[in-house]
Amino acid sequence: EAGVVQSPRYKIIEKKQPVAFWCNPISGHNTLYWYLQNLGQGPELLIRYENEEAVDDSQLPKDRFSAERLKGVDSTLKIQPAELGDSAVYLCASSSGLDTDTQYFGPGTRLTVL
Amino acid sequence: GNSVTQMEGPVTLSEEAFLTINCTYTATGYPSLFWYVQYPGEGLQLLLKATKADDKGSNKGFEATYRKETTSFHLEKGSVQVSDSAVYFCALSAPNYGGSQGNLIFGKGTKLSVKP
């Protein structure tokens with residue numbers, strides 16, 4: 001069974017540029033999460049989807065961040081415009097309806113904003 | 001609010017040494033507790049979990065017991081190997097009702113290095 005797939009693995013951009021990250025969860029997993037992991041810190045939730053509905057986006061900085069999961073499968077997280085402080089690893093995770101406690105993480109996208 | 005505090009690293013041990021990584025939590029209600037591991041260059045992997053008081057989670061020689069009276073979930077292993085070198089994260093699943101239920105709250109992570 002394939003795990004959570006994320007792309008790109010690494011991204012370097014200039015500040016004020018837009019950037020997008022893509023995630024494909026494990027097949028059949030209804031719940032999808034985007035996390036932000038700063039260097040030396042634990043992941044922090046940005047947004048959680050149940051199918052195509054964002055059920056918790058309270059931690060998403062909506063002035064510059066947006067996300068979508070149009071068909072309830074893969075998802076895109078966007079930053080526009082990027083700031084220096086957005087340099088971090090962006091993690092995607094998914095879980096099934098049968099075991100919402102167990103989340104499966106992708107390898108992450110490491111973003112560097114110059 | 002809900003939070004997780006774990007001992008700061010890095011922790012450096014010799015092969016076959018005993019490992020303890022402390023983790024305490026603050027939560028309203030009864031959270032589920034987890035240990036995740038992140039090997040170099042890889043994503044987080046669930047190592048073990050416990051869903052109620054006095055439960056013991058175990059996997060790959062690692063153990064942790066859900067202690068409600070001390071709000072702790074310390075990770076232990078009797079004999080570490082070089083291959084255990086990684087960053088370990090303690091986490092809880094938010095027990096609140098509504099939108100945040102099921103969300104994971106992580107500690108800052110503890111980096112373990114095991115020397116041969």
Side-chain angles (χ1 to χ4, degrees), chain A residues 1-10 21-26 29-51 53-60 88-110, chain B residues 1-10 21 23-25 27 29-52 55 57 59 66 73 86-111:
Chain A
E1 178 182 271
V4 176
V5 179
Q6 290 188 248
S7 68
R9 290 293 310 275
Y10 304 91
F21 315 122
W22 177 80
C23 172
N24 188 258
I26 292 173
H29 281 194
N30 298 329
T31 307
L32 184 146
Y33 311 78
W34 282 103
Y35 288 88
L36 166 69
Q37 186 177 17
N38 287 304
L39 187 64
Q41 303 292 316
E44 299 173 15
L45 183 72
L46 289 172
I47 188 168
R48 181 173 111 239
Y49 282 93
E50 299 287 348
N51 299 304
E53 181 183 359
V55 296
D56 187 354
D57 63 356
S58 57
Q59 302 303 311
L60 189 72
V89 176
Y90 292 82
L91 297 168
C92 180
S94 68
S95 63
S96 75
L98 297 176
D99 184 8
T100 55
D101 263 356
T102 302
Q103 296 184 23
Y104 296 84
F105 283 80
T109 297
R110 182 177 296 278
Chain B
N2 303 316
S3 66
V4 173
T5 302
Q6 60 182 106
M7 65 184 285
E8 293 190 16
I21 300 178
C23 172
T24 57
Y25 68 90
Y30 303 96
S32 295
L33 301 174
F34 307 83
W35 278 99
Y36 278 81
V37 59
Q38 189 172 32
Y39 298 102
E42 299 184 15
L44 278 78
Q45 302 173 24
L46 178 64
L47 181 59
L48 53 85
K49 70 177 184 181
T51 58
K52 60 183 188 296
D55 268 3
N59 186 26
Y66 190 144
F73 193 56
V87 181
Y88 293 82
F89 293 92
C90 185
L92 67 81
S93 177
N96 302 320
Y97 295 106
S100 63
Q101 187 175 13
N103 293 345
L104 286 176
I105 296 169
F106 288 87
K108 293 184 176 182
T110 302
K111 183 176 182 180

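It should be emphasised that the depicted structure is a prediction, and the values quoted were computed from it without experimental measurement. Numbers restart at 1 for each chain; the letters A, B, ... are given by sequence-line order, proteins then strands.
Remark: B:Leu46 CG to A:Ser95 OG distance equals 11.5 Å, nearest 0.5 Å. Note that the CG atom of B:Asn103 and the CG atom of A:Asp56 stand 5.0 Å from one another [nearest 0.5 Å].
At a 4.5 Å heavy-atom cutoff, the contact between A:Tyr35 and chain B is made by side-chain atoms alone. For A:Arg110, no part lies near chain B; criterion is any non-hydrogen pair under 4.5 Å. For B:Gln38, the part sitting under 4.5 Å from any heavy atom of chain A is the side chain, from C-beta outward, and nothing else. Contacts between A:Gln6 and chain B at a heavy-atom distance below 4.5 Å are absent for every atom of the residue.
Side-chain contact between B:Phe89 and A:Pro43 is present, with at least one heavy-atom pair separated by less than 4.5 Å.
Within a 6.0 Å sphere centred on CD of A:Gln59, other residues, nucleotides and ligands contribute 12 heavy atoms or fewer. Annotation: B:Glu42, atom CD; neighbour count of heavy atoms from other residues, nucleotides and ligands within 6.0 Å is above 12.
Side chain of B:Tyr36 to backbone of A:Gln103: a donor-acceptor contact under 3.5 angstrom is found.
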